[in-house]
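Numbered from 1 within each chain, the chains take letters A, B, ... in sequence-line order. All values derive from a computational prediction rather than experimental measurement.
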Amino acid sequence: MNTLATKYDPKAVESKWYEYWEQHDLFKSVPDEREPYTIVIPPPNVTGVLHMGHMLNNTIQDILIRHARMEGKNALWVPGTDHASIATEAKVVKRLAEQGIRKRDLTREQFLEHAWAWTHEHGGIILQQLRKLGASCDWSRTAFTMDEKRSQSVLRVFVDLYDKGYIYRGLRMVNWDPKAQTALSNEEVIYHDEKSKLYYLKYYVNGLTTLEAEAELREQGNVIHRDDKGYYAVVATTRPETIMGDTAMCVNPKDPKNQWLRGRQVIVPLVNRVINVIEDHYVDIEFGTGCLKVTPAHDPNDYMLGKTHNLESIDIFNPDGSISTESPLYVGMDRMECRKVIAADLQQAGLMEKVEDYENKVGYSERNPDTAVEPRLCKQWYLKMKHFAEIALPPVMNDELKFFPPKYKNIYKVWMEGIQDWCISRQLWWGHRIPAYFLPTENPDDEVFVVALTEEEALAKARQIKGYENIQPDELKRDENALDTWFSSWLWPISLFDGINNPGNEEIKYYYPTSDLVTAPDIIFFWVARMVMAGYEYIGEMPFRNVYFTGIVRDKLGRKMSKSLGNSPDPLMLIDKYGADGVRMGMMLSAPAGNDILFDEALCEQGRNFNNKIWNAFRLVKGWEVADIEQPEHSRLAVQWFHAVLDNTLTEIKDLFSKFRLNEALMAVYRLFWEEFSAWYLEIVKPAYQQPIDAKTMDATLYFFDTLLRLLHPFMPFITEELWQHIAERNDGESIMYARIPEPGQPDTALLSAMTQAKEIVGGVRNVRKSKNLPNREELALQVVGEFSNPLAPIIVKTAGLSGIECVDTKDATAAAFLVGTTEFAVPLGNNINVEEEIAKLEADLKYAQGFLATVEKKLSNERFVANAPEAVVAAERKKQADAQSKIATLTEAIAALRR
RNA sequence: GGGUGCUUAGCUCAGCUGGUUUAGAGCGCAUCCUUGACAGGGAUGAGGUCACCUGUUCGAAUCAGGUAGCACCCACCA
């Protein structure tokens, strides 16, 4: 009869429909009179490939977009990619190295040519992969953070912020990435606990052969070291390789252990440089020996000490982390190598007192995770952040701009309140080149520069500076540095609608503020916080109304997915295996809002199985022939009941969507389809084998199926589109994408509770059937002891396989009994009954009921409960008591009857 | 060193402002079911002293305080 395969095959279906959607421009949005619903994609790295984090993130965005579209909103999802300055440049450098080309041998222009070639070669692969997932982005708007419009926006904003006085150049200790050879922002440093060593080094006191009153000094608490070479101080350090940069030793003036060192000089081991012992309260008396070596060029704290005490600064590192010619020793050696070698040399020379195991935090470069960040003194461009924190904090705290889950509000607040200026310059070529132009000066340490959008403007500005009235274009030297990638990303919700270059244009007015932002929490500071800042600064309004933070995708053991662990499945392989709909569902089933998600491939299998269930339900319905026959009573009731269920679930789903509880919304639809629709509704209305169905029931069933497909579509776009074409009338170019999800009506709660009771009765009968090993096809009689009325009785008769329901005063002596509520039901079994078994079963029920009654009566016998609890609560307890008593009576009677 | 969040069936999680029969779901598990949508399926069922302690209350998984474990964020202690 059915020509359709018993298994759903997503492969052909998915590519067919994606093409159809694209061909008919169904993802496209232009401003109109409808309410807009906008999402801007967190732009993935242009040369990246899809990983599980993207899958999760983009599945969620697509669900939200499709849902909004089906609510009748003008839904726009803008796609794009990020130039990912440091990451992409690193990849290009690596590829060039493989070809034997060194970056430093290339000019900026040559390097950029290679970078663009790489971008064009690999760029956009990830956007193709998103299509496989079903992402309904308006591809005609695909943007790139370094395309013409976005670049213009970035430069304009830089110039504007400079003119407003927010951007400045500063000489600071920055976080330096020796591999990428660039400065980083604080946020780009990731700290890890590390097992390292604490080296205790001997710094001999210069020219001290005899210490006067040594005994007395010891008496006062001084810790004095001495060996055959003389007196020495002990300094504890984790970084012995920096001793070549030592220019002082520091003690706390209040430290009783080190009083004897005050005002003296010590000799740096191996280096033999004589340095002063300085005093500062900064030094922790408790740590190590209380003696601190001071290396102003290589530690932020030492830098501060150097400033206050006017110390010399010796920079012993080259930008790549090797030892520079400023050092008397180890020139050219890598810093990590040098640490090992110098430790051995110190040991050898008898200059090492001891070595201890130690655990400390070491900062690593976010983009070069194996490279420890080196503090380095250099001049960089900074953005003052105080003003931006002031405009971006309140709207989040007062929930104008909502975070889901809200726990991120606090994290956001703490960061904003302790905000530091943002280092925005990077010593990279791949990125937006800083629009600053330096003018020639007498002294190379002096800086005179102008900031301007174009060279012409720069020249004009330069000529207004006293002494440069006649400066020529070729005398202007543009800054070589690029901007931090996030300096372009923070404009994304604005720049996508060209709101910087073309303020107040129709698109920015219509689509901004965007509706929801879906992103991972690890970029809350990098990106989310800064977009809020830019939004208020440039549009005067929030960039998005809600931020939904996804969790981190982990494997089912809770480990982060990583290449080295090999626990990260390839998303495209998964799609190939389970279909995009199955994978989307697998992602969503494991993604409770805000928690990390433990991804298990078995969930994709569950998703695939669900597709199959939908497919086969469709096969069933499609196989029915409609005939001009009367609608059976059970079908009429089933239709009524399913309307009520639908109203109920629609309300629930609407609420869940508003709270971003998408996995619960999906579970609600899942159960609606599988339990209520397939297991109950279809089983009730299903005609007998090869019998036709009446038109009324068929129409209702198709309507229900249509509605269910609509509810499922945001989660599983492909299979729903495939089936919708058969279920609903439609013309070419139309799509379920634009079908409306119905507004929920008021559910008929009386009918719903009647069905709940009906299901329990049916369950009771089936239980009897199973325990007595009665065949499913054999019709059974059902007796009800006493009064019984349930409007859905015909449904009970059909689904329990009954010959009828009969009210009796006394049930058959040989019947298997069960209770639903306080009513006793019985299935007469003739000789089939095992009296002992029946009694045992009823006694178990009785015991439960008695236990329950005891708890209720305990409550009711508590005078204070009766006196203090609200009347309704007391009444409810009385009802429970009465019900339990009646149950006990029924059970006692039933057991007695069996015993007779 | 500070801060935030979490701890409920074997697993992953719901349980909103205390009272919805002595706590729910999905998966998994057990038992039974071969023709008639679907074994990627159907039916039935077993599984929990709500991390621990002490309070508040007539009443606590739910509120408060504390303990333990886990996770994350922040911080310049060598």
For [X], what residues pass the side chain to side chain contact (heavy atoms under 4.5 Å, CB included) criterion, not counting sequence neighbours?
X: A:T799; value: A:W680, A:I684, A:V762, A:R766, A:I795
X: A:Y670; value: A:M585, A:Q606, A:F610, A:M667, A:W674
X: A:E683; value: A:K686
X: A:D255; value: A:N252, A:K257, A:N258, A:I285

Return yes if some donor-acceptor pair links the side-chain N/O of [X] with the main-chain N/O of [Y] below 3.5 Å, else return no.
X: A:S678; Y: A:E675; result: no
X: A:T822; Y: A:S886; result: no
X: A:E188; Y: A:S185; result: yes

The side chain of [X] is closest to which nucleotide in this list: [options]?
X: A:A869; options: B:G40, B:C77, B:G19; value: B:G19
X: A:V414; options: B:C38, B:C32, B:C74; value: B:C74
X: A:F287; options: B:A78, B:G19, B:A37; value: B:A78
X: A:K407; options: B:G5, B:C38, B:G15; value: B:G5

Item checked: Sequence neighbours excluded, every pair satisfying salt bridge (charged side-chain N to carboxylate O under 4.0 Å, His left out) that has a member inside residues 847-871 of chain A ->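 For residues 847-871 of chain A: A:K859-A:E877.
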
Taking only the [atom1] atom of each, what is the distance from [N] to [M] in whole angstrom?
N: B:A71; M: B:G28; atom1: C1'; value: 26 Å
N: B:G69; M: B:C32; atom1: P; value: 46 Å
N: B:G24; M: B:A9; atom1: P; value: 14 Å
N: B:G41; M: B:G47; atom1: C1'; value: 24 Å
N: B:C52; M: B:A60; atom1: P; value: 15 Å
N: B:G5; M: B:U20; atom1: C1'; value: 29 Å
N: B:C74; M: B:G65; atom1: P; value: 26 Å
N: B:C6; M: B:U31; atom1: C1'; value: 37 Å

Notebook entry, point to check: Checking only heavy atoms, does the side chain of A:E683 share a donor-acceptor pair with the base of B:A37 at less than 3.5 Å?
Noted result: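 Such a pair exists between side chain and base.
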
Next item on the list: Report yes or no: is there a donor-acceptor pair, N or O only, under 3.5 Å between the side chain of A:K613 and the base of B:C38?
Entry: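 Answer is yes: a donor-acceptor pair is held.
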
Once you apply a heavy-atom cut-off of 4.0 Å, does [X] come out as touching a base, just sugar-phosphate, or nothing?
X: A:K686; result: base
X: A:V621; result: nothing
X: A:N301; result: base
X: A:P375; result: nothing
X: A:F599; result: nothing
X: A:R766; result: sugar-phosphate
X: A:L292; result: base
X: A:N862; result: sugar-phosphate
X: A:K293; result: nothing
X: A:G288; result: nothing
X: A:N410; result: sugar-phosphate

Answer yes or no: does a side-chain N or O of [X] lie under 4.0 Å from OP1 or OP2 of [N]?
X: A:Y199; N: B:A78; value: no
X: A:N868; N: B:C58; value: yes
X: A:N609; N: B:G41; value: yes
X: A:R554; N: B:C72; value: yes

Item checked: Charged N-O contact under 4.0 Å between A:E664 and A:K659 ->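 Salt bridge absent between A:E664 and A:K659.
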
Note to self: Closest-nucleotide mapping onto RNA chain B: is A:E760 or A:N616 further toward the 5' terminus? I mean the 5' end.
What the structure shows: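 Going by which nucleotide is closer to the 5' end, it is A:E760.
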
Next item on the list: By nearest nucleotide on RNA chain B, pick out whichever of A:G821 and A:F610 is the more 5' one.
Entry: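 Going by which nucleotide is closer to the 5' end, it is A:G821.
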
Item checked: Chi-angle category of B:G36 [syn within 90° of 0, anti beyond] ->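 That one's anti.
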
d([atom1], [X]; [atom2], [N]) in whole Å:
X: A:N776; N: B:U34; atom1: CG; atom2: P; answer: 9 Å
X: A:L598; N: B:G28; atom1: CG; atom2: P; answer: 17 Å
X: A:Y408; N: B:A71; atom1: OH; atom2: C1'; answer: 10 Å
X: A:E877; N: B:G59; atom1: CD; atom2: P; answer: 13 Å

Strand-adjacent residues in [range], judged by heavy atoms under 4.0 Å from RNA chain B:
range: residues 519-527 of chain A; value: A:F525
range: residues 666-679 of chain A; value: A:M667, A:Y670, A:R671, A:W674, A:S678, A:A679
range: residues 234-248 of chain A; value: A:A236, A:T237, A:T238

Once you measure the plane-to-plane angle for [X] and [Y], does it fall in the parallel (<30°), tilted (30-60°) or perpendicular (>60°) bin?
X: A:W415; Y: A:F525; result: parallel
X: A:F677; Y: A:Y681; result: parallel
X: A:F549; Y: A:F403; result: perpendicular

Checklist line | Pair A:N616, A:R619: side-chain N/O donor-acceptor within cut-off below 3.5 Å | finding: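 Per modelled atom types, A:N616 and A:R619 side chains form a pair under 3.5 Å.
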
Margin query: Let's test your reading of the pairing rules: Watson-Crick or G-U wobble, both distances under 3.5 Å, then write RNA chain B as a dot-bracket string with ( ), [ ], | and dots.
Written below: (((((((..((((.....[....)))).(((((.......))))).....(((((..]....))))))))))))....

Any residue meeting salt bridge (Lys or Arg N to Asp or Glu O under 4.0 Å) with [X], in chain and number order, not counting sequence neighbours:
X: A:E652; result: none
X: A:R376; result: none
X: A:D600; result: none

Check: Should A:K887 and A:D845 be marked as a salt bridge (Lys or Arg N to Asp or Glu O under 4.0 Å) after you check the CA-CA gap, both sets of side-chain angles, and the distance that decides it?
Finding: CA-CA 9 Å; A:K887 234 183 216 185; A:D845 287 354; over 6 Å; no

